[in-house]
Every structure is written in C-alpha cells, then in structure tokens.
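Notes follow the structure.
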Amino acid sequence: MATSSYCASANGVEFFNHYGSNSRFIGFSSRNTSFKLFLNRTSDFRRAKRCFYVKSTLREPKQKVQDPITEQGAENNLSSFALDAASIASSIKYHAEFTPLFSPERFELPKAFFATAQSVRDSLLINWNATYDIYEKMNMKQAYYLSMEFLQGRALLNAIGNLELTGAYGEALKKLGHNLENVASQEPDAALGNGGLGRLASCFLDSLATLNYPAWGYGLRYKYGLFKQRITKDGQEEVAEDWLESGSPWEVVRNDVSYPIKFYGKVATGSDGKRYWIGGEDTKAIAYDVPIPGYKTKTTINLRLWSTEVPSADFDLSAFNAGEHTKACEAQANAEKICYILYPGDESEEGKILRLKQQYTLCSASLQDIIARFERRSGDLIKWEEFPEKVAVQMNDTHPTLCIPELMRILIDLKGLNWKEAWNITKRTVAYTNHTVLPEALEKWSYELMQKLLPRHVEIIEAIDEELVHEIVSKYGSLDLETLEEKLTTMRILENFDLPSSVADLFTKPESPDDGDTETVEVHDKVEASDKVVTNDKDDKSEEDDTGNKTSEKTEAAAEKDIDKKTTVRLEPAVIPSKKVRMANLCVVGGHAVNGVAEIHSEIVKEEVFNDFYELWPEKFQNKTNGVTPRRWIHFCNPPLSSIITKWTGTEDWVLKTEKLAELQKFADNEDLQTEWREARRSNKIKAVSFLKEKTGYSVVPDAMFDIQVKRIHEYKRQLLNIFGIVYRYKKMKEMTAAERNTNFVPRVCIFGGKAFATYVQAKRIVKFITDVGATINHDPEIGDLLKVVFVPDYNVSIAELLIPASDLSQHISTAGMEASGTSNMKFAMNGCIQIGTLDGANVEIRQEVGEENFFLFGAQAHEIAGLRKERADGKFVPDERFEEVKEFVRSGAFGSYNYDELIGSLEGNEGFGRADYFLVGKDFPSYIECQEKVDEAYRDQKRWTKMSILNTAGSFKFSSDRTIHEYAKDIWNIEPVELP
C-alpha cells in the first residue's frame, strides 16, 4: 500500500496528498498523547518520540472513497481541538529547530517568520486536504479562475486572522521574545501581480473560500515578479524582485503534477485523416500550490501556480564539457525564462514571443489539469457533454484567451470529439471578464508570430472565424452589403484577412457593360512599379472626363519620345496592413458570458467596445461590479476602526455581511462616535508618519490632510493632473505672505505611489516630475509643513494596508470613460476616506452609495469626451490661463534643470501622436483646482469632515467582493456553496 509524503510538527502533520489520489490520514501516536489530527509535544523536542502513519489508497482506485470529516470521529477532533498560545509556541519552536532554513544558534526575526508561517501552514494543510477530499467525493461543479496576476500581498496575518488565531499567535510570539507585527513585517509581498487586475483576483479567492464555493485559482509563479521600484535622482529604476530568494513557506510543490507544453513544430495529417501537432520545442509545467483559507470556515481552497522547466536529460552534457556552456543550458534557459518576469517588455520580437508563451502555458497547463480532474472524477464512464456541468472557466481579461482554442484542440485532437461537439462544450464552459476600454489593452497578436509558435491553434482560430463570418452573414443577410461589410470588418477574429471564398462572392462587383461610348485605354508599363512615371510636363494637355478623371491627348509614341522630359518619382510601395488575431473578439465569440466590472463600464462595453456583438448576442452581456474583501481591507488592516464599527453596530457580523455597515448612518452625527473615529484615524496617521520617514526620509505631521493617489502610473489615470494641481497650489503659496498662506490653505501631505511600466517612457517622466516637485517643495523653508509631496517607492499591497487607513482624501481622477472600475476607490471608501474624482468606473456607484454630498466631483463626463477631443482637433479649445501659468512655471526651471518639454508637449497642440492632450488634463484642470478649494473648506470643519468619513464607510457595503462572487456564482458559473462539516 502506498503512503503519502509527510512531515511532522509539534501540533500538526503536513500530508501532501495528490488530489488525484484517495489519500487519507488515519492517525498517529506519541508517548505523551495522541490525536487523530494533531500531534502535541512537550517542549523537550529531542526526548519526545513520535510515530505516525498515513494511509493512501493511490493504488486502489476502486476502493470506496471515505469522508475524512466524519470518519472515525475526526470531525470532533478537528472542531473541538483549540490551539492555545502554549501549543503554538511549541509548534513555532519545533519548526525553528526541525524545519531549518537558518543557522541554529539564533532565533532572529527572519527565522521567526518562517517558523511561524510553517506553524500556520500545519493548520491550513488539514483544512486544505479535507476541503478537496470533500470536493472529490461530491464531484460538484467547480469554478476555475484563470488570471495572469494574483496580487496576494503578505499571507501571515491574513491566514491567522481567517483562522481566528491572531491573539493566540501574538501571545505565543511574545513568549518567544518577538512581536507579531514585527515578525509579519519580515514577509515579502508575493510578486505575482502589478495592479487592480491581480488584486481583484486575490480578493475573489478570499471571498470564494469564505463563502464556501468550490473553486480554484490558476496563475504563473513569477520568479522575479514585475520589478522592484527604486527612486533615484533620475526617477524610477527597476530591479528584479527577490521574493523567492529564501523560498516561500506557503507554497507546496507538487512534483507529481506536471503537464507537457509544446511550442513551434508543425501540423500534419495522419493516416486517419486527423490533424496532429508534431515536433517543436517541448517543456513542462510543474504545479506549486498555495492554500487560500476562508474566514471563520474550514474551507481552504487552492491557488495553483505553474513553473516551467525541462528534464535533466535536456541538459547537453557533451556541449558543456566541450566548453559550449551557453548552448548546453539553452533548453533549460528557454523553459525557465517563461516564468521569470510578469509582463516582459514586448518591444522586441523575442519579448512578444515570451509573452505569448506565458499566456499559452497558463492556459494549456490549467486546462490539462482541469480535464484530468474531470476524467478522474468521472470514473470509467466519461460523458464529455457533461463537462460544462462540472467545469466553469473564467478568463480574467484577455490574457487567458488561448483557453478557447486549447480546449478545442484537446477535445478534438486528444479526446476524439468532432468539431460540433467540442465547440458546443467550449462555448458553454468559458466566460470572459473585460477590464478595459483602452484599445492597446484589447490584445491583438501578430498572426505570423502565432502561426509560428502555435500552428494548430491558428488553424482552430481560423475555423472559428469562418464560422463567425457565416453567422454574421446569416444574421444580417446580403441585401445591405455596406452594413454587412462593416459588421464583418469590426467583428471578425482575424484582422486584415480576405473573406472566405463562400462569402467573398457576395462582394464581387459585376463588370460594367460596354455601352459603345466608353473608350478603352490600354496601359503598357514601361518602368518598374517603384519607378512609376509621373508627368509634370507643361505640354501635356489633358482634360477631365465625365467622372472627373484626367485623360491625356498624347499618344503612346509621343509619350515615349518625351520620356526624358518627364520627372521620375520613386514611390514607396503600398503599405499592406499586418494580419492580426483579435483576442478580445475571440473571447466574446467563444464564451457564454461577457461581463464588465462597473455599471458605467458595462454600458460602454455594450454600446461602444463590443456593440456589434451585443446586437448579435445581447444575452451574453452582464455587469459584475467589482468588490474587495472586507477582511483584509478593513478588519485586518485597520484594527482601530474595525473595533469601533463592531462596537457601534453591536456585532462583528459586518465582516461577513457588509450591509450591516449601513447601520453607522444613524450615528453619523453622534459626538462620541465622531471623537472615537477621529482618534482611530489619527493613530493610523501616526503609524504612516513613521513609515514615510523610514521609507523616504521626509518628515510629515499627522495633523495635516493626507491626500493620496496610489495606482499604476498611466496617462489616463492622470497623476499629471494631480501634480499640476500641486504645482499651482505651491505657486500661489509662494505669492502670499505667511499669514495669507495659513488662512487660505489647509496643511497637506500629498502622497503618490505606483509603478510605471519599464518601457512606458511618458509614465516614467511623470514619476521623475513628481519626485522633482517633491524635492523642491519639501525643502522650501517658507512652506514648511503646509505642503509636502512624497512619492513612496515600490508601492505594494503591504504599503497599501498601511497608507489606506491613514488617508483623508483619495484621488480617483481618470479621464471619464477610461477606467473600467477601480478597486482602490472601494478600499478607501471602506476605511472612511473621502474621494475626489470623475464620474468614471466604480466612482459612479460609490458616489451613489455614500451620498453625492460626501464625494468631491469634478470634470467632464464620459458622453462628452469624444466631442471635447474633436473640439481640440478642430483647434477650438482655449486652455485656462491658470493651466498655462503652471506650464510656464515648470518651464522656468522652478523644479530643477531637467527638460520637461516632452512631458508638457503632450498637453499641447491639436493633433499628432503623443500630443493634443488626449486625456484632457487641460480641459479638466480648472474644474479640478476649484473642487480642491471645496476640499480645503470641508476639511477646516472637522465635524463635517468626520461625518462625511463615517458615511463613506457606511455606504461602502455594496463593494464587498462577497457580493460580486455571489453574482458570478449565480449568473455565470452556476455553482453552489459546499460547507465542510
């Protein structure tokens, strides 16, 4: 009988059962005591003898699966055993000694963190395995969330919080000479994401586990993340993330779970008439699993991350011994680099290939894993038509689009289904979440590149495109060929392709009949196409025909005589547009549901981005407004405010049922609540003051307004509008006396954070500008604490958990209609931070929920944007004199010698790439600075401001990711909760 691999702990056993087996933990014993699920030990580690056994039925697939939750009283042991500080301390000490990653002589903070995390993992593993044993037994429908990003943040405090062991672990570490907060600070943020896309995915996993939905997440295990951001005198610099240098205590490598991944090669037809993808470059994806615990539940779901490698046999030992070391390692390097970097630069052909390899690896490995699980759970009788009744695949944006042709390939080429069967299954299984309206983010891949890298998938995509073309023709008919042609041009998956021959005939124009009056002119080419003759001969008499075209009176012979008089112009050959594969269109065609992530965004998706598809399939389109987990984003990261909410609502139930936050509305004017509220917020600001000093060297005061904009640096998010507003504020301060400044301005600390993509030059200029402005203002003795500008380097989840609870005002000021939703706006609202913003993304719904009077609104609205851009293109826009004043001030060298002409130039002119103020900074500037004056006025009245803050928290209840997940589960995935006993 086979046994599972394991390791023992002071109060637990880690047993890593392959989910494909029917592994079961039965029991173990010790000289001191015995438990079914936990091993208690005395503090004398060396004397205690431990023996335990793990039964596995991996080799006995026909044996009836037993439920470990009810088997032999295990349920009682799991539910009745309570971890106390003493047993936790014993477990931590055990891991410090027997799961060593550091030298034995010292128990310093890094070692304390790893030992503590391993102790927590012991508890998680029991629930983790029990969760999936139940899922295997029940064989219910399961959702799979595929995302290129999972921005997890630190896991320790979240895990022990969800396990309701924060107090016990704090006390245990105190016994061992450490503070829980200091130990937790040793954990690096998992570098698996960059922005809102990845943070949303992580919030969804937390909610899925908390609400007991059967689900997994799938992603890639990036060794070096996106990058670690450093701020120098030259602006942003990028270095590789080091989050895995010491390993991760949370992940479990599954060496028995790997799948082949193929690139390149060719497609051949076999003797059976089937198409086979052969040859090429082979690698394999290895599974690394991370447990995701739910809050106040035993359910612990899985995030499976793929890493890529090749077998040792692919190491070319002969080449290495011959001195060709690079060649010897080529196969390993090609495989491993797939999971090196999140979003590798794609300016080069190599970068594009690497990105496409990443996307395909995620899709192929995940689908092979999902299908293997479906087959295993189905037993001897596999009914492929039931696949969509057991599997829901959600594509988080367009990065996992290759799920569609990959699922088709597996079903047709490997499982033997016909096209109709496979296409029906695929369309019922896959769904797509759109996260952007920006054209560059609606991915298009080079057809030539994809055909080279994934030849079989291109064949399948071509067939899907042809089927789509016929459906469009069937829908719209051939009576209005102009409309039909427009629909086909917009909706096809393949861009710049000829129509299939069966459809192309519809657009063939009949030849005009010869009416006897038409003169046929025969043209003889005398030169190469690139040396065409263009006449500018004064003697060349010509006249216009009835169509307005010029006709020459010269004969061919005369033209030949005059050839030396003609001017030869070398014309460039006509530019042939490159062929592309539109990934977003493929998502819409191949998925059964398409959702936006905020009400306004979903309307834009239907009315603009995918309007033609919406007309064809209106039933596919839905809205699922984003949400964030209230556990991490208020309960754990803001304990002072969390305690106040519990006190005034009379229960801690709000952590799971956020609608109870609305009860705060009736106390918003209560002076006692307001006093407690202000005290809690000030305590958070004091922590932030220390952090900012440590991180940036700048000293700020906690009584100033903390005005914050933290998000990915991008022109549409308009950090430039914010910093221009600060420059205007600074300039006006400099023009006043000290008394006037104190009368007219509220003290502010303006905080920025976020990364500019490494190859996004304009975004990096914005970072440089912000830091230059800060360096000038922060060292101006006349201004002092009245205005500070701080750029926090390497902004991440852990920094957000500290800054968001400390902020008074948050800025969400993107150009209206360009932000899909945003999630940081929801986190700020939950923590009582008041927002200034445009009617964009989820701002619209937040303003509705918290009350218009508790949101500072400015700027043009989404339906006005196109007209305003046309106004600019027509040269009719007149910039505000205050805006011009700011630009002149910057150009004067007030913030150093750096040349900002390229940055400011993007805001000038009426047309051209990188010009004409596409994101309407100049247009919205007057409205923005006038709105900021209202902010100052409100902040002076602290009673009014505190009430606004309370009402923001009270109105944020809608924006829990629990609500969002309930909607996905009901409307898209059709899955039901499964609660462990």
How long is the straight-line distance from [atom2] of [Y] back to [atom1] of [X], given to the nearest 0.5 Å?
X      : Y      : atom1 : atom2 : value
Asn302 : Ile292 : CG    : CD1   : 8.0 Å
Ile634 : Thr629 : CD1   : OG1   : 11.0 Å
Leu124 : Asn129 : CG    : CG    : 11.0 Å
Trp423 : Ile460 : CH2   : CD1   : 10.5 Å
Ile600 : Asn843 : CD1   : CG    : 9.0 Å
Gln359 : Met583 : CD    : CE    : 6.0 Å

Could you pull out all residues at least two apart from [X] that satisfy salt bridge (charged side-chain N to carboxylate O under 4.0 Å, His left out)?
X      : result
Lys415 : Glu375
Lys580 : none
Lys711 : none
Glu251 : Arg221

Lys/Arg cation over aromatic Trp216: Arg254, 6.0 Å, 45° cone: no

Within 45° cone and under 6.0 Å: Lys620 NZ/CZ vs Phe613 ring: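 No, Lys620 does not sit over the ring of Phe613.
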
Among Asn212, Asn127, Leu208, Val290, side-chain contact (heavy atoms from CB on, under 4.5 Å) partner for Ile301: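 The passing option is Leu208.
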
Residue list, side-chain contact (heavy atoms from CB on, under 4.5 Å) with Ser378, at least two apart or on another chain: Phe374, Ile382

With Pro260 via side-chain contact (heavy atoms from CB on, under 4.5 Å) - residues at least two apart: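 Partners of Pro260 by the side-chain contact (heavy atoms from CB on, under 4.5 Å) criterion, ordered by chain and then number, come out as Gln368.
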
Test salt bridge (Lys or Arg N to Asp or Glu O under 4.0 Å) applied to Lys137 and Asp133, step by step: CA-CA 6 Å; Lys137 177 178 180 291; Asp133 279 333; over 6 Å; no

Derivation and outcome, side-chain hydrogen bond (donor to acceptor under 3.5 Å, both in side chains), residues Thr433 and Gln394: CA-CA 7 Å; Thr433 299; Gln394 189 70 34; 2.8 Å; yes

Taking 4.0 angstrom as the limit, do [X] and [Y] come out as a salt bridge?
X      : Y      : value
Asp369 : Arg304 : yes
Lys958 : Glu599 : yes
Lys475 : Glu471 : no
Arg376 : Glu136 : yes

Where the side chain of [X] meets the backbone of [Y], is there a donor-acceptor pair that is under 3.5 Å apart?
X      : Y      : answer
Asp465 : Ile493 : yes
Lys274 : Gly416 : no
Thr398 : Leu442 : no

Parallel, tilted or perpendicular, as decided by the 30° and 60° cut-offs, for the rings of Tyr218 and Trp306: parallel

Plane angle bin for Tyr135 and Tyr132 - parallel if under 30°, tilted between 30 and 60°, otherwise perpendicular: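 Judged by the thresholds at 30° and 60°, the geometry between Tyr132 and Tyr135 is perpendicular.
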
How far apart are the closest heavy atoms of [X] and [Y], and which atoms are they?
X      : Y      : result
Ile846 : Met826 : CD1-N, 4.0 Å
Val120 : Ala159 : CG1-CB, 3.9 Å
Pro630 : Thr658 : CG-CG2, 3.7 Å

Passing option when Arg428 is tested against Glu385, His592, Glu389 for side-chain hydrogen bond (donor to acceptor under 3.5 Å, both in side chains):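 That would be Glu389.
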
Intermediate values then yes/no, side-chain hydrogen bond (donor to acceptor under 3.5 Å, both in side chains), Glu443 and His399: CA-CA 8 Å; Glu443 288 185 298; His399 307 125; 4.5 Å; no

Test side-chain hydrogen bond (donor to acceptor under 3.5 Å, both in side chains) applied to Tyr447 and Glu462, step by step: CA-CA 10 Å; Tyr447 173 84; Glu462 287 173 339; 2.4 Å; yes

Test of ring centre spacing under 6.0 Å for Tyr968 and Tyr213: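 When the ring centroids of Tyr968 and Tyr213 are compared, they turn out to be at least 6.0 Å apart.
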
Within 6.0 Å of CD in Glu976, more than 12 heavy atoms from elsewhere: no

Within 6.0 Å of NZ in Lys660, more than 12 heavy atoms from elsewhere: no

Trace of the side-chain hydrogen bond (donor to acceptor under 3.5 Å, both in side chains) decision for Thr625 with Glu845: CA-CA 9 Å; Thr625 297; Glu845 293 162 76; 2.8 Å; yes

